[in-house]
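Reading through the structure tokens given below for one structure.
Nothing here was measured: the structure is a model prediction, and the numbers come from that model.
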Amino acid sequence: MKGMKVSDRLDSVPMSGIRKMFDLAGPDSINLGLGEPDLDPPKEAVECMNAAALAGKNKYSPTAGIPELRDAIAQRFSRYNPSLSRKNVIVTPSGSTALLEITQAFIDPGDEVLVPSPGFVIYAPHAKLAGGKPVEYRLTEGDFQPDIDYIQERITPNTKMIVVNTPSNPTGGILSKENRDALADIARDKDIMILSDEVYESFIYEGEHSSFLPYLDRAVVASGFSKMMAVTGWRLGFTIANEDVMDALIKMQYHVCASPGMPAMYGVLGALPNIDPYLVKARETFKRRRDLITRRINEIPGMHLEAPRGAFYAFPSFDLPVNSQELANECARNGLICTPGSAFGTFGENHLRFSYAASEEKIDRGMDILADVVSKYRGKKQ
């Protein structure tokens, strides 16, 4: 039926390689494929969300979100930029929506968007959906830093945006201060904007977070609460930007969703000012799991992992006579869900991604399966 044809722009982007893996696995599989914390949310968040709903706060909010939450976000992130106020903040229905709205608000057809490789699966599709052209830039092997020389070689007069993700999904790498400053200098010198996805800012195990919030003259920062508070189902994020572009972001959001969900905003507001003790415990839990999965992977001949320094993803490399999609497929057939590195771009090949936002028991069982699968391929290699 001609009138029901899918648009070319949607047809040009693939379905997420993360989601595809679930179809191959059995119901009792160990799921290390999805970046979803298995922790309980802060009790204040749930209590305040319920209280808001019971009190009748179930209507449309202002398009940019309730002022009290915008104030609280500005206050929390003023550690990176003391000048922040609610005028710099828009609350969004998920961090993913924040990324989509930013791209739609600033990218025109023909604009080029530099996206990290390996990098999260929606950056390139978002550029395409806005009519732009995604151009991959390489992350260095091991510490997964942006390759600054590689980036500079790929900048053209059409380059409009550089997407940065720190801590990184899928690699767990954290951006160094030196590379953050180098990217900010490039953005200034070439009149390019930075889109910085900092949703895993709460989960850093070694080193410090190098935020782009001090550079709002050339950067827009997207983040969210799904990971921070283990409320992925609430779909609540935020964008921080210079006041002079906030009207454009609010206009874009109105046409996407009218406004974010009211009860969830009050839930987050109830927990955010005193979230640090919760995050300390969460980081301790994830660090133990990080150490476990790093040790287990490095015990498997043919696989190597440098301990990720942030987020909750392990992105080991492998030296086997197989590509990452087939290796992930074989893991799934044997009861372990993970994601092929190729799902995250050209430079993700020869890697797998595992989420360690799962119990230590599941990690151990999953690594047992991985060791068995890898041993079969090593036998073929010999």
| said: When you group the ILVMFWY residues by side-chain heavy-atom contacts below 4.5 Å and let the links chain together, are Tyr80 and Leu279 in the same group? | reply: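 Yes, it is one cluster - the side chains of Leu279 and Tyr80 are joined through contacts under 4.5 Å.
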
| request: Indicate, with yes or no, if Val46 and Leu269 share a hydrophobic cluster defined by side-chain heavy-atom contacts under 4.5 Å among Ile, Leu, Val, Met, Phe, Trp and Tyr. | output: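 Same cluster.
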
Side chains of [X] and [Y]: does their closest heavy-atom pair fall under 4.5 Å?
X	Y	value
Arg353	Asn169	yes
Val113	Lys133	no
Leu370	Cys331	yes
Ser226	Val199	no
Pro134	Lys128	yes
Tyr137	Val164	yes
Pro146	Leu175	yes
Lys190	Thr159	no

Answer yes when [X] and [Y] have at least one side-chain N-carboxylate O distance shorter than 4.0 Å, and no when they do not.
X	Y	value
Glu153	Arg138	no
Asp291	Arg295	no
Asp368	Arg365	no
Asp364	Arg296	yes

Do you know which two heavy atoms are closest between [X] and [Y], and how far apart they sit?
X	Y	value
Arg76	Leu272	CD-CD1, 3.6 Å
Met303	Asn298	O-OD1, 4.2 Å
Thr239	Leu249	CG2-CD1, 3.9 Å
Pro308	Thr294	CD-OG1, 3.8 Å
Ala222	Ile102	CB-CD1, 4.0 Å
Met252	Ala105	SD-N, 4.1 Å

| task | Could you check whether the rings of His351 and Phe315 sit parallel, tilted or perpendicular, using 30° and 60° as the cut-offs? | result |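 Because their plane-to-plane angle is under 30°, the rings of His351 and Phe315 count as parallel.
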
| Of all pairs that satisfy salt bridge (charged side-chain N to carboxylate O under 4.0 Å, His left out), the ones with a partner from residues 31-58, not counting sequence neighbours |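 Residue pairs passing salt bridge (charged side-chain N to carboxylate O under 4.0 Å, His left out), neighbours aside: Asp38-Arg289.
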
So, does [X] use its side chain to make a donor-acceptor pair with the main chain of [Y] at under 3.5 Å?
X	Y	answer
Glu349	Ser324	yes
Ser7	Leu10	yes
Asn242	Asp244	no
Ser29	Asn31	no
Ser117	Gly119	no
Asn334	Glu330	yes
Arg70	Arg86	yes
Asn165	Pro167	yes
Asn58	Ala53	yes
Ser61	Ile66	no

| said: Before you tell me yes or no, could you show the steps for Lys251 and Glu101 under salt bridge (charged side-chain N to carboxylate O under 4.0 Å, His left out), namely the whole-Å CA-CA distance, both residues' side-chain angles and the distance that decides it to 0.1 Å? | reply: CA-CA 10 Å; Lys251 179 181 179 182; Glu101 290 175 353; over 6 Å; no

| message | Taking the ring of Phe344 and the ring of Phe120, is the distance between their centroids below 6.0 Å? | response |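 Ring centres of Phe344 and Phe120 not closer than 6.0 Å.
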
| request: Verify the ring-centre separation between Phe354 and Tyr313: is it less than 6.0 angstrom? | output: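 Judged by ring-centre distance (under 6.0 Å), Tyr313 and Phe354 do not meet the cut-off.
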
| Can you check side-chain hydrogen bond (donor to acceptor under 3.5 Å, both in side chains) on Asn329 and Gln325, steps first, answer last? | CA-CA 6 Å; Asn329 290 351; Gln325 183 67 65; 2.9 Å; yes

| task | Enumerate the residue pairs fulfilling side chain to side chain donor-acceptor pair (under 3.5 Å) with a member in residues 204-223, sequence neighbours excluded, ordered by first and then second residue. | result |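 Non-adjacent pairs meeting side chain to side chain donor-acceptor pair (under 3.5 Å): Asp181-Tyr215, Glu198-His209, Glu198-Ser211, Glu206-Arg290.
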
| task | Sort out for me which residue in Phe238, Trp234, Tyr278 forms a ring pair (Phe, Tyr, Trp, His ring centres under 6.0 Å) with Phe225. | result |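 Of all the options given, the one that passes is Phe238.
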
| task | Please say which of Ile174, Asp143, Ile204 ends up in a side-chain contact (heavy atoms from CB on, under 4.5 Å) with Arg309. | result |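 For Arg309, the side-chain contact (heavy atoms from CB on, under 4.5 Å) check succeeds only for Ile174.
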
| task | Tell me, with the steps shown, if Asp372 and Lys376 meet salt bridge (charged side-chain N to carboxylate O under 4.0 Å, His left out). | result | CA-CA 7 Å; Asp372 288 343; Lys376 295 175 187 175; over 6 Å; no

| request: Would you mind telling me which of Thr140, Thr171, Asn179 makes a side-chain hydrogen bond (donor to acceptor under 3.5 Å, both in side chains) with Gln145? | output: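 With Gln145 as partner, Thr140, Thr171, Asn179 yield a single side-chain hydrogen bond (donor to acceptor under 3.5 Å, both in side chains), made by Asn179.
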
| task | Apply the test salt bridge (charged side-chain N to carboxylate O under 4.0 Å, His left out) to residues Glu284 and Lys281: give CA-CA distance (whole Å), side-chain angles for both, the deciding distance (0.1 Å), then the verdict. | result | CA-CA 5 Å; Glu284 290 172 350; Lys281 291 182 179 179; over 6 Å; no

| request: Using the six-membered ring of Tyr150, assess whether NZ or CZ of Arg154 lies under 6.0 Å from its centre and within 45 degrees of the ring axis. | output: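 That pair qualifies as a cation-pi contact.
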
Nearest 0.5 Å please: distance from the [atom1] atom of [X] over to the [atom2] atom of [Y].
X	Y	atom1	atom2	answer
Ser78	Ile240	OG	CD1	9.5 Å
Leu352	Leu32	CG	CG	11.0 Å
Leu100	Gln253	CG	CD	10.5 Å
Asp197	Phe212	CG	CZ	12.0 Å
Ile151	Leu114	CD1	CG	7.0 Å
Ile90	Ser259	CD1	OG	10.5 Å

| query | What do the steps show when you test Tyr377 against Phe318 for ring pair (Phe, Tyr, Trp, His ring centres under 6.0 Å), and what is the final call? | reply | CA-CA 11 Å; Tyr377 283 105; Phe318 60 84; 8.8 Å; no

| request: Using a cut-off of 6.0 Å, state whether more than 12 heavy atoms not belonging to Gln75 lie near its atom CD. | output: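 Incorrect, the count does not exceed 12.
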
| query | Do other residues, nucleotides or ligands put more than 12 heavy atoms under 6.0 Å from the CZ atom of Arg9? | reply |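 At most 12 heavy atoms, drawn from other residues, nucleotides or ligands, come within 6.0 Å of this atom.
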
| Given the rule in the salt bridge (charged side-chain N to carboxylate O under 4.0 Å, His left out) test, do Lys160 and Glu112 qualify, once you have shown the distances and angles that lead to the verdict? | CA-CA 6 Å; Lys160 178 71 175 288; Glu112 293 178 359; over 6 Å; no

